[in-house]
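Inspection log for the structure reproduced underneath, given as structure tokens.
Hydrogens, waters and symmetry mates are skipped; everything else that's a heavy atom, side chains included, is used. Quantities reported herein were computed from a predicted structural model and do not represent experimental measurements. In what follows, every chain begins at residue 1, and chains take the letters A, B, ... in the order their sequences are listed.
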Amino acid sequence: MPTADSAPQADSALKKAMAEQERLRPLVLPQGITARDVHLVAGVDVAYAKDESIVAGAVVVLDAHTRHIVDSASASRPVDFPYVPGLLAFRELPALLDALAALHTRPDAVACDGYGTAHPRRFGLACHLGVVTDLPTFGVAKTAFIGEYEQPGPQRGDRSQLTDHGETIGHVLRTRPGTRPVFVSTGHRIDLDTATQLTLALTADHRLPETTRHADRLSRQVLADRLGHG
DNA sequence: GCGACAG
DNA sequence: ATCTTGTCGC
């Protein structure tokens with residue numbers, strides 16, 4: 001992958017990416033589905049080779065109520081964009097879109113590993129994936145990015161508002177007692193309460209949604225296979 | 001100008 | 001994200 005950090009060429013690529021986000025942002029729909037509309041829910045995640053030369057994307061579809069796997073797909077390819085906070089989608093979307101295209105099922109919603117609307121330009125990975133696929137999406141991030149918040153209560157389900165300049169952009173949600181909370185934000189065609197509701201429905205024994213955990217495991221396996229088999 | 005900064 | 005050793009706990 002091209003590395004020249006401060007090279008004018010790389011600088012131009014970042015500006016084009018930001019312009020792309022500004023162009024697609026207006027296409028995001030703030031609401032659409034409700035939790036009862038979701039029968040099949042997918043989770044997506046990626047894994048990188050240690051030298052960041054290859055990225056493997058995976059998507060796992062679960063029955064929203066039994067949480068059993070009903071479908072899955074993956075794809076791997078060379079990494080062609082650097083990690084830049086705020087531009088994660090340009091680094092991860094290619095592999096995720098390839099994986100989604102290989103799916104035999106059409107999920108009713110997609111849980112992403114990262115942020116949606118709680119983003120510097122209100123267009124994080126979850127929003128981008130949603131607009132491009134026209135699928136309802138939301139983000140569940142493991143660490144803080146932007147905004148301010150108070151620590152939520154200790155019980156599962158306790159939450160606080162993630163705000164930015166007085167605007168609520170997400171929820172800091174306790175999915176399990178004794179563990180750090182997760183950061184939920186809307187992606188596309190869903191509202192924050194529904195995204196939060198789905199996140200809770202997908203978490204029972206662990207901090208992160210089962211969808212994300214399965215996708216994480218699959219992406220690592222796919223990467224290991226590709227690296228191992230040349 | 002300096003620090004912070006999803007995965 | 002990935003690297004990386006042990007350690008505490010269910």
Exercise. Which part of the nucleic acid, if any, lies within reach of A:Ala47 when heavy atoms closer than 4.0 Å are counted: base, sugar-phosphate only, or nothing?
Worked result: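 Sugar-phosphate contact only.
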Exercise. A:Leu87 near the nucleic acid: base, sugar-phosphate alone, or nothing, with a heavy-atom cut-off under 4.0 Å?
Worked result: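 The residue A:Leu87 makes base contact.
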Exercise. In terms of the angle between their ring planes, are A:Tyr115 and A:Phe183 parallel, tilted or perpendicular, with boundaries placed at 30° and 60°?
Worked result: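 Tilted: the ring planes of A:Tyr115 and A:Phe183 meet at 30° to 60°.
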Problem set entry | Bracket string, DNA chain B, 5' to 3' - pairs by Watson-Crick or G-U geometry under 3.5 Å, | interstrand | .......
For [X] and [Y], test the side chains for any donor-to-acceptor distance below 3.5 angstrom and give the result as yes or no.
X        : Y        : result
A:Thr117 : A:Arg122 : no
A:Asp193 : A:Thr196 : no
A:Thr137 : A:His188 : no

Exercise. Looking at the side chain of A:Arg220, which of B:dG7, C:dA1, B:dA6 is the nearest nucleotide?
Worked result: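 Nearest nucleotide to the side chain: C:dA1.
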For this session: Check every atom of B:dG7, C:dC3, B:dA6 against the side chain of A:Pro85 and return the nucleotide holding the closest atom.
Result: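 So the side chain of A:Pro85 is nearest to B:dA6.
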Exercise. Roughly, in whole Å, what's the span from CG in A:Asp113 to P in C:dT2?
Worked result: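 Taking atom P of C:dT2 as the reference, CG of A:Asp113 is at 10 Å.
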Problem set entry | Distance in angstrom units between A:Leu162 CG and B:dC5 P, rounded |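 These atoms are roughly 14 Å apart.
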For this session: Applying side chain to side chain contact (heavy atoms under 4.5 Å, CB included) between A:Val59 and each of A:Leu97, A:Leu103, A:Leu96, report the one that passes.
Result: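 Testing A:Val59 for a side chain to side chain contact (heavy atoms under 4.5 Å, CB included) against A:Leu97, A:Leu103, A:Leu96 leaves exactly one candidate, A:Leu103.
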Exercise. Quick one: does A:Arg189's side chain have a donor or acceptor within less than 3.5 Å of a partner on A:Leu29's backbone?
Worked result: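 Judged by distance alone, no pair lies under 3.5 Å.
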Exercise. Do we count A:Tyr83 as stacking onto B:dG7 if the rule is ring centres under 5.5 Å and planes under 30°?
Worked result: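 The base of B:dG7 is stacked with A:Tyr83 (centres under 5.5 Å, planes under 30°).
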Exercise. Do other residues, nucleotides or ligands put more than 12 heavy atoms under 6.0 Å from the CZ atom of A:Arg217?
Worked result: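 Not buried by this count: 12 neighbours or fewer within 6.0 Å.
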Exercise. A:Tyr48 ring centre to A:Arg91 NZ or CZ under 6.0 Å, with the angle to the axis within 45°?
Worked result: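 Ring-cation test returns yes.
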Problem set entry | Within residues 119-147 of chain A: residues closer than 4.0 Å to DNA chain B (heavy atoms) |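 DNA chain B contact set from residues 119-147 of chain A: A:His119, A:Gly124, A:Leu125, A:Ala141, A:Lys142, A:Thr143, A:Ala144, A:Phe145.
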